[in-house]
Amino acid sequence: MRATYHLPLTTLMASVTLTNITKHYTPPVGAPAGLPPSGLENVSLTIADGETVSVVGPSGCGKSTLLKVIAGLEFADQGKILYNNYDVTQLAPQARGVGMVFQDYALYPSKEGEDNLGYYFEVRKKTPEEKERRLRETADMMGIGFELLMDRKVDTLSGGEKQRVGIARCIVREPNVFLMDEPISNLDAKLRESTRTEIKKLLKKFGITTLYVTHDQQEAIFMGDRIAVMRLGRLEQIGTFDELYYSPANLFVATLIGTPPLNVIPAEVRDSALWLGQTALPLPADIMDKLPAGAVRLGVRPEAWMVSHQPGDGIPMPVSRVERLYTERAAFAGGQISGTAVNVLVPLDFPESAKQIHLQPDWTQVYFFAATGETALHTPGAPDLF
Amino acid sequence: MSLFPAVGRKQPRLRLAWWAVGLILWTGIILHLIPFFIMISTSLKPAAEAMSMPPTLWPKEPTFVAWKLIWNISDIGKSVLAQPLSRYFLNSLIMTFGTIFLSIPVTSLAAYASSKLIKGRIARPLFIFFIGTLMLPGIVTLIPSFLLTRNFPFPVPVAPNIPGTDIPFPTWRIWNTYWGIILPAGFSAGNFLLFKGFFDGIPDSIINAARVDGGSEFNIFRRIILPMSIPVYSVTTYFTFGGVWDSYLWPMVIVQDSAIAPLTLAIRRISDAFSYAGTTSTMTVVGASSALKPLIDQGLSWNGLMVLGLLQAIPVFIFFILAREYLLKGVRIQGLK
C-alpha cells in the first residue's frame with residue numbers, strides 16, 4: 001500500500017533530490033520488438049530550493065516519466081526521491097502537495113473555472129474562508145481579466161485561457177514543487193511567447209522549486225535556471241545554458257543545443273595540422289595537445305566561421321542556398337564540406353551571386369569529438385566576456 | 001440533412017436523390033407508427049367494434065372501458081390473474097430498478113477500473129474475460145443459469161456435500177425470488193463495453209490532475225468522472241431498463257409465484273386465456289370459460305390485449321424520451337471537444 005499521510009513540510013518550498021531513479025515499463029502487447037527502451041535509467045538530479053530546472057530532449061526520452069515519478073503518478077522501480085531530505089519515494093501523489101500543469105490543460109470539463117480551482121479545497125476539507133482567500137490571492141497574481149474566467153464553463157475557454165486556469169489551479173494550493181509538462185506547446189506561436197513570459201514572471205515571484213518539461217530548447221533555455229538534457233531515459237547533462245553550450249558533455253548535447261545546430265565535419269589530425277578534405281588548417285598548440293593523431297570530428301557553430309570571399313582563405317565551400325531571416329537580421333548560407341552539410345551565419349546583405357566562400361573556424365570556439373562514439377575531446381568553454 | 005450538402009441540392013440529380021431518400025425515410029417512419037396507431041385506436045374501442053370487419057380506423061365513440069376492465073381484471077376473474085394487475089406492474093418495476101441499481105454501478109466501476117486503474121500484464125486478459133461473456137448466446141447459458149439459481153453458487157441440481165461429512169454446502173436459493181432476476185443481470189458485458197469505450201476517451205491527465213489535487217480514487221470517480229459521463233450512463237440505463245422490463249424467457253424460468261411475477265408473464269397469461277375463450281376470433285363466442293364470461297360480457301376482446309401491449313410499452317417509451325438526447329446524438333464526453 002502507498003502511504004497516504006501528508007508531508008510534514010514546514011516551509012512551502014522544497015528542494016527535490018532524485019537518486020538513481022530507474023523506471024521500466026512493460027512494453028504493450030503486440031509492440032514490435034527492438035523498440036528503444038522507455039522509462040528512466042539511473043537518473044540522479046538535484047533541484048535546489050526555488051530553482052527552475054527545465055528538462056529538454058527528443059520525444060520518448062523519458063522527460064514526462066521523470067515528471068510523473070516526481071509527482072508520484074508513477075513509482076520508480078529503484079532509487080529514491082527526497083523533498084527536503086524527506087523520503088517521498090513511496091508516497092501517493094495525493095500526499096505530496098505538488099502542483100502540476102499539463103500539456104492538454106487537464107481541466108475538469110464538467111466544472112466551471114472556479115470549481116476547477118476549488119476541487120483542491122474540497123478534497124482537503126479546507127474552510128470556505130481559506131478557499132475564498134486563496135482564490136482572491138491567486139486571481140490577483142494571475143493578473144487582469146482572470147476573474148472573468150472563473151465562472152465560465154471549461155469548454156467555452158480558449159487554449160490560452162484554459163492554460164491560465166490550469167496554472168492558477170496549481171498556484172492556488174501553494175505547492176511544494178511546481179511541475180510543468182509542456183504547458184504551452186499546445187498554444188499558437190504568438191500566445192506561446194507571451195504565456196512563457198508570464199509563467200517566468202510568476203515563477204520569479206514565487207520562487208517555487210520548478211521542473212519544466214519541454215521539447216523546445218528555446219523554451220527550456222528561457223525558463224530554466226539550469227537545463228537538463230535527456231535521451232533514452234538517461235540524463236545526459238545538466239547545467240546552465242553556458243555550460244551546455246560551451247562545454248557539452250558529448251556530441252548529443254552539443255548538437256541538441258543551438259539553432260541551427262552545430263556543424264560536425266569529419267577531419268583528420270596529421271602533421272600538426274587539421275585536414276578537412278584537401279585543405280590543411282594550422283591548429284593552435286593548446287588544442288593540438290588534446291587531440292589524438294588520425295580521424296576526429298570538428299564541430300563549429302554557424303556563427304563561429306570566419307567567412308572570406310578570397311580564394312585560399314581556408315576551406316572552400318560551394319554555396320548551395322542562402323536562407324535569409326529578415327526578422328533576425330541575419331542569413332544562413334548552406335553548403336557542403338567533405339560531404340557534410342554545413343550552415344554558416346552570414347550578414348543579411350550576403351550577395352546572391354556568391355557561388356563559393358572560404359571558411360576558417362574561430363579556433364577559440366571550436367569543438368572536437370572522437371571519430372566514432374560521442375566523446376568530446378575539446379570544448380571551448382564559456383568565453384570571458386569582460 | 002448532412003446526407004447531401006446544401007450546395008449540391010441545386011443539381012437536378014442530387015435533388016432527385018434527396019427526395020427519394022426522404023420518401024424512403026418517411027415511408028419507414030409511417031410503417032413503424034402504424035402498429036402503434038392501431039394499438040391506441042383499438043384500445044379505445046368497445047369489444048364489438050374491435051372485432052368488426054372491416055375494421056374502423058378510429059372508434060366512433062372512444063371509450064376507456066377496456067382500460068378500466070384490464071386494470072381491474074383480477075376483481076372479476078381471479079382464475080385468470082391471481083394478483084391485481086398493479087402488483088405485476090410493481091414487480092416489473094422492482095426487478096427493473098433493482099437491476100439498474102445493481103448493474104450500472106457494478107458495470108461502470110468495473111469498466112473504469114479496467115480502463116484507467118489496471119495497468120500491466122493483467123489488464124488485457126481481464127478485459128477479455130469480461131468481454132468473453134458476450135460470445136455465448138444467452139440461450140446456451142439458460143439451463144446452467146437456471147441450475148445456478150437453484151443452489152447458488154453451485155451450478156448443479158444438488159449441492160455437493162462438505163468433504164468428509166454428509167452435510168451439503170450451504171446454498172442460497174435465489175430461484176423464485178426477485179434476486180433470481182436481479183443478480184444474474186448484475187454485470188452486463190454490453191454495457192461494460194460501452195462504459196469502457198467511453199472511459200478510454202477520457203484523458204489520463206485529467207485523472208492525474210485530480211490525484212495531484214489530492215482526490216482519492218473514489219472521490220475522483222464520483223466528483224470528476226461521473227459528471228462527465230452522464231451521456232453513457234443514460235444510454236446504458238436505458239438499455240438495461242428496456243432489457244429487463246421486456247424480458248420474458250428468464251422470468252418465466254425463474255418465477256413460479258404469481259406474487260413476484262412481472263408484467264410480461266401476466267400479459268402472456270391473459271392473452272392465453274382470451275385465446276382459449278375464443279374472444280380474439282371473429283367467430284361467435286362459443287364455450288367461453290366461466291371465469292372469463294363476466295369480462296367478455298362487459299366487452300373485453302382485442303381491445304384489452306391492446307391495452308396490455310400499451311401498458312408494457314409506455315415505460316420504455318418514457319425512458320427513451322428521457323435518454324433520447326444521448327441516444328440520438330451518440331455518447332460524447334461532456335465538456336471535451
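Here is the naming used below: chain letters follow the sequence lines, and residue numbers restart at 1 for every chain.
Atom NZ of B/K119 has more than 12 neighbouring heavy atoms from other residues, nucleotides or ligands inside a 6.0 Å radius. At most 12 non-hydrogen atoms from other residues, nucleotides or ligands lie less than 6.0 angstrom from NZ of A/K68. Atom CG of B/L109 has more than 12 heavy atoms from other residues, nucleotides or ligands within 6.0 Å. For B/W250, the CH2 atom sits in a packed shell: over 12 heavy atoms of surrounding residues, nucleotides or ligands are nearer than 6.0 Å. By the neighbour-count criterion of 12 heavy atoms within 6.0 Å, atom NZ of A/K80 is sparsely surrounded, having that number or fewer from other residues, nucleotides or ligands. Residue B/F169 places its CZ atom among more than 12 non-hydrogen atoms of other residues, nucleotides or ligands, all under 6.0 Å distant.
Remark: B/I206 CD1 to A/L107 CG distance equals 8.0 Å, nearest 0.5 Å. Considering CD of A/Q94 and CD of B/E217, their distance stands at 6.0 Å, rounded to 0.5 Å.
Between B/I224 and A/S110 the shortest heavy-atom distance is O-OG, 4.0 Å. Taking all atoms of both residues into account, the shortest heavy-atom contact from B/A209 to A/R169 is CB-NH2, 3.3 Å. Nearest heavy-atom pair, A/G99 versus B/V212, reported as atom, atom and distance to 0.1 Å: CA-CG1, 4.2 Å. Listed here is the closest heavy atom pair of B/D213 and A/Y108: OD2-OH, 2.6 Å.
Both the backbone and the side chain of B/A210 come within less than 4.5 Å of a heavy atom of chain A. Neither the backbone nor the side chain of A/Q103 comes within less than 4.5 Å of any heavy atom of chain B.
With a 4.5 Å cut-off on side-chain heavy atoms, A/F102 and B/D204 do not count as touching. Between B/R211 and A/L73, the closest side-chain pair of non-hydrogen atoms falls below 4.5 Å.
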